[in-house]
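FYI, the numbering just counts along the sequence from 1. Atoms within each ligand, like the ligands themselves, are counted from 1 in listed order.
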Amino acid sequence: MRLDTKVRIEDKLYLVRFKPDHEAHLVIIDQEVCRSNCKDRPCTFFCPARVYEWEDANNKITVGFENCLECGACRIGCPHQNIEWRYPRGGFGVAFKFG
Ligand code: SF4
Ligand code: SF4
């Protein structure tokens, strides 16, 4: 019998609990930069929680900040430093459970 050792991101995210704030702790500073100067939009790939998505209908990046794992990758990953990043307010954000 072969064991499947692949772990899907959805399975890993099951181990995470969130207490979402109503105030966004992640903000796109200038959507025009995303539209015009960032054709590859790496934030839609490097975020492990898929927080950033390109929305064709509205021609903009959407930010599902409620799912943020607070890994900090978008602080350094945006080539235009176009993401304002801070930790969620005290008591809000991510909590990890192991098991
Ligand atoms: S990587 Fe930065 S500039 Fe590019 S689409 Fe994402 S937020 Fe916008
Ligand atoms: S801190 Fe990590 S999980 Fe949160 S939005 Fe940035 S890349 Fe995604």
Side-chain angles (χ1 to χ4, degrees):
M1 185 174 86
R2 190 178 140 259
L3 286 178
D4 189 357
T5 53
K6 282 188 197 158
V7 179
R8 298 177 317 138
I9 186 72
E10 290 80 8
D11 297 333
K12 296 297 278 184
L13 290 175
Y14 174 72
L15 299 175
V16 177
R17 288 270 165 83
F18 300 95
K19 185 176 178 192
D21 196 353
H22 53 85
E23 223 174 79
H25 68 287
L26 304 164
V27 176
I28 302 290
I29 296 166
D30 185 351
Q31 288 278 355
E32 190 52 40
V33 172
C34 305
R35 272 191 287 274
S36 308
N37 298 344
C38 194
K39 293 295 175 211
D40 292 338
R41 301 185 183 117
C43 59
T44 61
F45 300 102
F46 64 61
C47 173
R50 300 185 187 138
V51 164
Y52 302 97
E53 284 184 15
W54 177 253
E55 213 176 71
D56 270 332
N58 295 314
N59 205 24
K60 63 185 270 199
I61 291 278
T62 60
V63 184
F65 69 91
E66 301 90 344
N67 297 329
C68 174
L69 300 170
E70 298 167 33
C71 73
C74 53
R75 295 181 81 172
I76 54 172
C78 172
H80 300 284
Q81 286 86 48
N82 196 27
I83 300 172
E84 190 183 300
W85 192 100
R86 59 179 189 273
Y87 281 110
R89 294 183 303 160
F92 294 99
V94 69
F96 295 92
K97 61 177 179 155
F98 303 98

Protein heavy-atom partner closest to atom 2 (Fe) of ligand 2 - residue, atom, separation in Å: Cys71 SG, 2.3 Å
Proximity to ligand 2 by part of Glu70, non-hydrogen separation under 4.0 Å: backbone
Proximal atoms of ligand 2 relative to Cys47 (non-hydrogen, under 4.0 Å): 3 (S), 5 (S), 7 (S), 8 (Fe)
Proximity of Leu26 to ligand 2 by residue part, where a heavy atom lies under 4.0 Å: side chain
Gap separating the CD1 atom of Ile83 from the CD1 atom of Ile76, nearest 0.5 angstrom: 11.0 Å
Residue pair Leu69 / Pro48: nearest heavy atoms and the distance that separates them: CD1-CG, 4.0 Å
Part of Asp40 with heavy atoms under 4.0 Å of ligand 1, whether side chain, backbone, both or neither: neither
Atom 8 (Fe) of ligand 1 - nearest protein heavy atom and its distance: Cys34 SG, 2.3 Å
Trp54 versus Thr44, closest heavy-atom pair with distance: N-CG2, 3.9 Å
Ligand-residue contact atoms, ligand 1 with Ile28, heavy atoms, under 4.0 Å: 7 (S)
Proximity flag Pro79 to ligand 1, non-hydrogen atoms under 4.0 Å: yes
Closest approach of Pro88 to Gly93 (non-hydrogen atoms, all atoms of both residues): CG-CA, 3.8 Å
Heavy-atom closest contact (Pro42 atom, Pro79 atom, distance): CG-CD, 3.7 Å
Where ligand 2 meets Gly72 - atom numbers and elements under 4.0 angstrom, heavy-atom basis: 1 (S), 2 (Fe)
4.0 Å heavy-atom contact, Phe65 with ligand 2: no
Closest approach of any protein heavy atom to atom 6 (Fe) of ligand 2, naming residue and atom: Cys74 SG, 2.3 Å
Arg35 CZ: over 12 foreign heavy atoms closer than 6.0 Å: yes
Protein residue, atom and distance nearest to atom 3 (S) of ligand 2, heavy-atom basis: Leu69 N, 3.3 Å
Pro42 neighbourhood, listing ligand 1 atoms whose heavy-atom distance to it stays under 4.0 Å: 1 (S)
Mode of Ile83 contact toward ligand 1 - side chain, backbone, both, neither (heavy atoms, under 4.0 Å): side chain
Minimum-distance pair of heavy atoms, taken over all atoms of Cys47 and Tyr52: CB-CD1, 4.0 Å
His80 neighbourhood, listing ligand 1 atoms whose heavy-atom distance to it stays under 4.0 Å: 3 (S)
Any donor-acceptor pair under 3.5 Å from His25 side chain to Arg89 backbone: no
Protein contact to atom 4 (Fe) of ligand 1 [nearest heavy atom, distance to 0.1 Å]: Cys38 SG, 2.3 Å
N, O or S of Cys43 under 2.8 Å from atom 6 (Fe) of ligand 1: yes
Residue Asn59 excluded, over 12 heavy atoms near CG under 6.0 Å: yes
Expected output: side-chain Asn58 to main-chain Lys60 donor-acceptor under 3.5 Å: no
Ligand-residue contact atoms, ligand 1 with Arg41, heavy atoms, under 4.0 Å: 5 (S)
Close aromatic pair by centroid cut-off 6.0 Å: Tyr87 and Trp85: yes
